[in-house]
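In what follows, a single structure is set out as structure tokens and then discussed.
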Amino acid sequence: MSTQGKKSAQRSASKKRSISKEPKGKKEKTQKYNYVELAKAPLTSPGPQHLYAVIIDATFPYKTNKDKYICSLKVVDPSLHVKSQKGTGDGSDYATVILYAKRFEDLPIVSKIGDIIRVHRATLRLHKQQRQFNASVFYNSSWALFSSEKNDNAPSTFSGKHYSFEKQESAILQNLRKWALQYFSSYNVITNDMYVPLKDAQKEKADFDVLAKITHIHEMDEYTNELRLRDQSGVTWHTLALKLKFPNIQNGDVVRIRSALVDETSKKKVLILSHYSNIMTFISSSKLSKEIKSKVQDEKQPDKASLKKGVNMQAVVLTEIDKKHANLPNTPLSELFHHADTDPELQNKNTFRTTFQVIKIEPSDVKEWAKSYDKKTKQASSLKGGKGANPIFQVQFLVKDASTQVNNHTYRILLYTHDGLGANFFGINADNLHKNDGARKKLEEQAELLTKFNSWVDAVVEKRNGFYFIKDTKIVV
DNA sequence: TTTTGGGG
């Protein structure tokens, strides 16, 4: 039908409505959007269609060759989710939604599989036997994202300046949330054909998807996290994830990575992500996510014997902090040493948690790490020659971290145990190290580990007179 | 709005 024809059809339709016998004031329809089911949406609809659906996969919004941005999603609903007549029982069927926009910020960032998207004015076609809904945000389409794990009607993000929400949608949204929770608790949803086990990753020549648990997050620098990924095939890979792009991922999360590539140039197993790659967690009812979370064990710290061999291929945290500080957030060294007196967040605190690498330890002679301490004069003196009582540790760590990588300063973190702070750090009591060869040898080993490449100390420190003293922290390797 | 690009 021509545009003219369409318009006249619309006009005559509205004429018909206006001559209905409805009493005045009630005849106006307030409902603008009829939502279609994915499997039932007509392929030959004369106009755009509107949908509510549950997201099971999404690219990160990405730029195409010429000033256009795309986000591609896989979606399901009660009408379209499990492959029928294929005998697999648990295979996912889905429709795709392709969103086009002129600007990055006009597209949704999907970080959780199981969340809900609403799309207005999409056109449906078949593409490679899939139902594909196309929606141009730069024309007149719009979208809104809803969390599946909340109960309100406000979208978490949406395109445009405002969003509409009609009364009828409340029920649609509620029902879809209920269905999503149920669906993810009884089906894997992300089926075997949708990802590659990590043990087979090395063979992949093109990009592929991953389903794994994050067993460790290491801060490489100010902008980058290094994720350690492990799945049920028992193999570990690493990947770099920009903090700004994926701000919400946490240690222990089970994630789907949409599009990863084996880094052929790396000696260790590294996956390369692209600009369109996405890392998504799952809604909490997900059976699959729970299973992987419980079955993939967190990795053990390497033992001392393997640590002493060669270079650490990955970051190793040598210490553990007391449980009572488990929820203490990490404060970078730059904050501790340059902003602790001016930052209102830090001003009134004196206990911090910080993670650092030890560049050097002073005194360099381990035998002088323990001193004799005179409680009256508060003086420490060498135990050399066998004299002196009340041995304590007095050790200074010269340290760096990601936040201070670019400057030339090193910072001092102190292990001074005269008041008991940090007394358990080395796992042995302070003693005369000129005499006690066993203790000295053990501490020399610790010194070697502490200053080794890729070794990290996660410590709780207490601020006293502008100095930071380690406490409630011990070496565990 | 343009026949978008869509596993990029």
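The chains referred to below are lettered A, B, ... by the order of the sequence lines, with proteins before strands, and numbering in each begins at 1.
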Considering only nitrogen or oxygen atoms on both sides, find all protein atoms under 3.5 Å from nucleotides 1-3 of chain B and state each distance.
| from | atom 1 | to | atom 2 | distance (Å) |
| --- | --- | --- | --- | --- |
| B:dT1 | O2 | A:S136 | OG | 3.3 |

> How would you label the contact of A:D57 with the nucleic acid (heavy atoms, under 4.0 Å): base, sugar-phosphate, or nothing?
Replying inline: base
>> As a quick check of understanding, evaluate side chain to side chain contact (heavy atoms under 4.5 Å, CB included) for A:K213 and A:K295, giving each step before the final call.
In response: CA-CA 10 Å; A:K213 181 174 171 178; A:K295 286 196 178 162; over 6 Å; no
>> Suppose we screen for side-chain hydrogen bond (donor to acceptor under 3.5 Å, both in side chains). Which residues come up paired with A:R131, at least two apart in sequence or across chains?
In response: none
>> How many whole angstroms separate atom CG of A:L261 from atom C1' of B:dG8?
In response: 13 Å
>> Please report the distance, rounded to the nearest Å, between NZ in A:K74 and P in B:dG7.
In response: 7 Å
> How long is the line joining CG of A:D193 and P of B:dG7, in whole Å?
Replying inline: 15 Å
> Within this structure, what is the CG-to-P distance between A:L107 and B:dT4, rounded to whole angstrom?
Replying inline: 17 Å
> Is the closest side-chain heavy-atom distance between A:I109 and A:F246 below 4.5 Å?
Replying inline: no
> Does any donor-acceptor pair link the side chain of A:N134 with the base of B:dG5 at a separation under 3.5 Å?
Replying inline: no
> Please give, in whole Å, the distance from B:dG6 P to A:N65 CG?
Replying inline: 9 Å
> How long is the line joining OH of A:Y195 and C1' of B:dG7, in whole Å?
Replying inline: 19 Å
> Between A:S72 and B:dG5, is there a side-chain N or O to OP1/OP2 distance below 4.0 Å?
Replying inline: no
> Does A:R125 have any side chain to side chain contact (heavy atoms under 4.5 Å, CB included) partners at least two apart in sequence or in another chain, and if so, which?
Replying inline: A:Q132, A:N134
>> Tell me the interatomic distance from A:I70, atom CD1, to B:dG7, atom P, rounded to whole angstroms.
In response: 9 Å
>> Could you tell me how far apart A:L99 (CG) and B:dG7 (P) are, to the nearest whole angstrom?
In response: 12 Å
> B:dG6 phosphate, OP1 or OP2: any side-chain N/O from A:Y62 under 4.0 angstrom?
Replying inline: yes
>> Which residues pass the side-chain hydrogen bond (donor to acceptor under 3.5 Å, both in side chains) test with A:N153, not counting sequence neighbours?
In response: A:S170
> For A:D401, what residues pass the side-chain hydrogen bond (donor to acceptor under 3.5 Å, both in side chains) criterion, not counting sequence neighbours?
Replying inline: A:S403, A:T404
> In terms of the nearest nucleotide of DNA chain B, which residue is placed more toward the 5' end: A:K66 or A:T59?
Replying inline: A:K66
> Of all residues at least two apart in sequence or in a different chain, which pass the side-chain hydrogen bond (donor to acceptor under 3.5 Å, both in side chains) check with A:Y69?
Replying inline: none
